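First up is the structure itself, then whatever we jot down about it.
Source: prediction; values computed, not measured. Every chain is numbered from 1, with letters handed out A, B, ... down the list of sequences.
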Amino acid sequence: MTTTDQLPGKYDFKAVEARWQQTWEQEEINKADMDSRREKYYVLEMFPYPSGRIHMGHVRNYSIGDVVARYKRLRGFNVLHPMGWDAFGLPAENAAQKNNTHPAKWTYDNIDYMRTQLKQLGLSYDWNRELATCDDSYYRWEQKLFIEMYQKDLVYQRTTTVNWCETCQTVLANEQVIEGACWRCDDFVRPRKMNGWFFRITRYAEELLADLQALGGWPEKVATMQSNWIGKSTGLSCDFSIEGSERSISIFTTRPDTIFGVTFMSVAAEHPLIDELISGSEIEQAVRTFIKEISEERMRQNIEEEQEKKGIFTGRYCINPFSGQRIPVYIANFVLAEYGTGAVMAVPAHDQRDFEFARKYKLPILPVVIPEGTDLNPETMEEASTAYGLLVNSGRFDGMESSAAQAAIIADAEQNGFGSALTTYRLRDWGISRQRYWGAPIPMIHCDSCGVLPVPLDELPIKLPEDRESSAGECAPLSRRPEFFHTTCPACGSGATRETDTMDTFVESSWYFARFTCPDAADAPLDREQSRYWLPVDQYIGGVEHAILHLLYSRFFVKALRDLGYLEIDEPFANLLTQGMVIKDGAKMSKSKGNVVDPDDLINHYGADTVRLFSLFAAPPERDLEWNAQGVEGASRFLNRVYRFITGYSGAPTAADLSAEASDADRTLDRKRHQTIKKVTHDIETNFHFNTAISAVMELFNTLASVTDPEKEETAGSETISQAIKTILVLLFPMVPHFSSEMWAIMKFPSRPEEQEWPSFDEETAREDLLTIVLQVNGKVRSRIQVEADTDEKALEACALKDENVLRFINSKEPKKIIVIKKKLVNIVV
RNA sequence: GCGAGAGUGGCGGAAUUGGUAGACGCGCUGGUCUUAGGAACCAGUAUCUAUGAUGUGUGGGUUCGAGUCCCUCCUCUCGCACCA
């Protein structure tokens, strides 16, 4: 007897995990090399912002990714599983200011600490490919891509009204404005006119929308969100000439079939023609006061609630080009200046907003589309009728059906030259200029005589100046650093200034997944051979909060890089898994709520494997995970139970070994083993439901423990037992790699778990030979019987009709109908 | 308001094509061993007026049979939100 037999003791996870991590690192077993003879698999988790320390959301995200990576390796794939740092961004500047240090130092210190944490979790990354986006070896290539995109007219500069956050002192993209507030600091966002750089993402609007169809491996929810964000609508663009003026008002409508029902025109308070419409008229002052009023109201407005419809007559009229009718022009508070043309033809009979407005200001309501089986009376209507139907009061289009009328009306407008078919998108071009220090400098030069020019490629990278003392002033934007922005014009050689804005950090994360295929490429942003082999990412994993921003920008970048000749793919991520949040006490873990659990504490207390196991076991990955301290305890208990079994298992021949025939215990264990392999493989392959996979392994272990119980008369043979242990360890390896490796070594099995093939199963062996058949009377379960698996329908029926409980409930009535489902049940209807 | 998803024990969650509801784990109850245990092991654990009946948010429907399919309504979560 060994000492472990007498004193089972506890599994020393600290020593074991450290030892295996060291072994793996030394042997570089996670290093990925291109090998065109092998099938590749690229699994990627959204890289973290180096905020200081990892949180439970990271643990969950990376545990899921690591199981996928290790599973695919066992399945024989050449797996790429990299990790890096999304390292530019505002928090570094804030922290630097607070701690009187440099953003670079703060960032790199955090990276060092977080890398250690990730290594402690035993995540199987190829650390040779690690990259940080704040490193000039990364952003220099981003600058090059920026210039190439500029040359392809995918980048341009313009002055616009931008979203300005006073707290962060920077511009925000539309996507970064959440309910009128900054996504970062929650402060109110104000409009401000500024000159800035834009990516022409709208050029790809149609393709970005159309290709969503092909992304079958994406959650529908994410595809829908992107589709709504792109917001395509088709309809008629049309001009209404202004009475007594050379000018006309352009409108866009998705319902050209209602155009004869226009009874007034409503324009936004910011509409460019307003000045001309009202200047000099006697109501000018009243209108100006009104405009001021509603814009002030909008500032105060609670975004949640819809405002009451309000407007004012401008005193001017325009002409409906179809009917020739004279139409009053109103300014209305519900018309958005930013969308469409800032003017809307108002059809109160068929649009709810126009309807409310018309009722309030006693404007006429004229129904022109009558849905089948209805009768619209403008006097008594209580709401607008938006359904399609047959046209009336529409001149030569009378009697046409809505969709046919739309086409005919558009064609008519085109023929007569006052309108045309138009497709619009809600998607705006992506403004990327940020007035911040800690970001990638935009590589452009402003010359008074030559205009705007890109930095010559051989001068890249344009590095961030780091040469100052660390102080609060260090965070000054580049515009306050003459030594940075003074330069010479590459065209004429005279004095010029550099662009002092830096890029939105979402630019870095829009192509990092491609750079991971060739992080050391020294003469180009991407190595064509490497990226062709590894891309696209086969499985991308991250939080649903990136459903729009990051994923849309990345899709745009891939299409742009394709058109620049770098890539041959259309989409970056073939499959997407959006994991749920980690919550505690019903709320997302956050510092402000004070319900955070620090992964460091858990790893110290339970070890990486237990933490991984629990986060995989507690919920399927796409669902929110409720943190539960006792659940972690349970995961730890399971591993300790397996540990005690293995250290206490002698491997000595059992009575069953002496018999030539397999015992019932052998068959039970072997059958369960095959069933488990089948279930675990299925659960991982279909939807990464590790929770049910783990429960299946637990069941196999429970069976193993029961057939080796010395109290029982019959035990399984040592070969069957050894097979079962091996299977358990390989199936568990992707989830608890240190533990599995250690148990494998204790069992003195040859080689190591990661060198095994994923076990296969045999349907025949997995099949049960005794089945429980349910006996129902009138659909209610009345009895259960055990039968041989191959018992046919007739025999089952006969058994059922003999069953005592069944007979009692039939109560000697004549069966009307007997339904027999083989292997499942018999239902007798009386 | 629009769009998407979800409602199952005390809790997290299971349930191929409609066919044993509650796998697995937590918690709880009782027991064994122990100086003790918050360790380990064993047994039990949906509810009730309990030979039976009722149970998957509500109410209806289809079916021999519904957590699963259809319709109604309620609640919650997420996203978008005066988009013409």
Could you give the OH-to-C1' distance, from A/Tyr643 to B/A39, as a whole number of Å? 15 Å
Just the rounded figure in Å: distance from C1' of B/C82 to CD of A/Glu308. 13 Å
Could you please spell out the steps behind the side chain to side chain contact (heavy atoms under 4.5 Å, CB included) verdict for A/Asn691 and A/Leu616? CA-CA 6 Å; A/Asn691 56 331; A/Leu616 295 163; over 6 Å; no
What is the distance from OH of A/Tyr11 to P of B/A40, rounded to the nearest Å? 17 Å
Hey, what do you get for CE (A/Met581) to CZ (A/Arg623), rounding to the nearest 0.5 Å? 13.5 Å
Quick note, A/Val335 side chain, CB onward, closest among B/G25, B/A84, B/C80 is B/A84
Contact state string [nucleotides 2-14 of chain B, B base, S sugar-phosphate only, - no protein heavy atom under 4.0 Å]: -SS-------BSS
Side chain to side chain contact (heavy atoms under 4.5 Å, CB included) against A/Arg359, all qualifying residues, sequence neighbours excluded: A/Phe355, A/Ile365, A/Met381
Counting the benzene-type ring for Trp, do A/Tyr643 and A/Phe739 have ring centres under 6.0 Å apart? no
Provide a list of protein-nucleic acid N or O atom pairs under 3.5 angstrom, restricted to nucleotides 63-65 of chain B.
residue : atom : partner  : partner atom : Å
B/C64   : OP1  : A/Lys817 : NZ           : 3.4
B/C64   : O2'  : A/Asn827 : ND2          : 3.2
B/C64   : O2   : A/Asn827 : ND2          : 2.5

To the nearest angstrom, the CZ-P distance between A/Phe240 and B/A84 comes to 16 Å
Interface with RNA chain B, restricted to residues 250-259 of chain A and to heavy atoms under 4.0 Å: A/Phe252, A/Thr253, A/Thr254
Out of B/G25, B/G52, B/A40, which has the shortest distance to the side chain of A/Arg644? B/A40
Just the dot-bracket of RNA chain B, please: which string comes out with Watson-Crick or G-U pairs under 3.5 Å, [ ] for crossing, | for another strand? (((((((..(((......[....)))((((((.......))))))(((...)))..(.(((..]....))).))))))))....
Selected nucleotide, minimal atom distance to A/Tyr339 side chain, candidates B/A84, B/A39, B/A81: B/A84
Which nucleotide sits closest to the side chain of A/Arg641: B/C41, B/G52, B/C24? B/C41
Can you tell me the distance, in whole Å, between the CZ atom of A/Phe701 and the P atom of B/G25? 11 Å
Is B/G25 syn or is it anti, if syn means the base angle is within 90 degrees of 0? anti
Cation-pi check, A/Arg353 to A/Phe334: give yes when NZ or CZ is under 6.0 Å from the six-membered ring centre and within 45° of the ring axis, no otherwise. no
By ring-ring contact (aromatic ring centres under 6.0 Å, His included) - contacts of A/Phe264 (at least two apart): A/Tyr330, A/Phe357
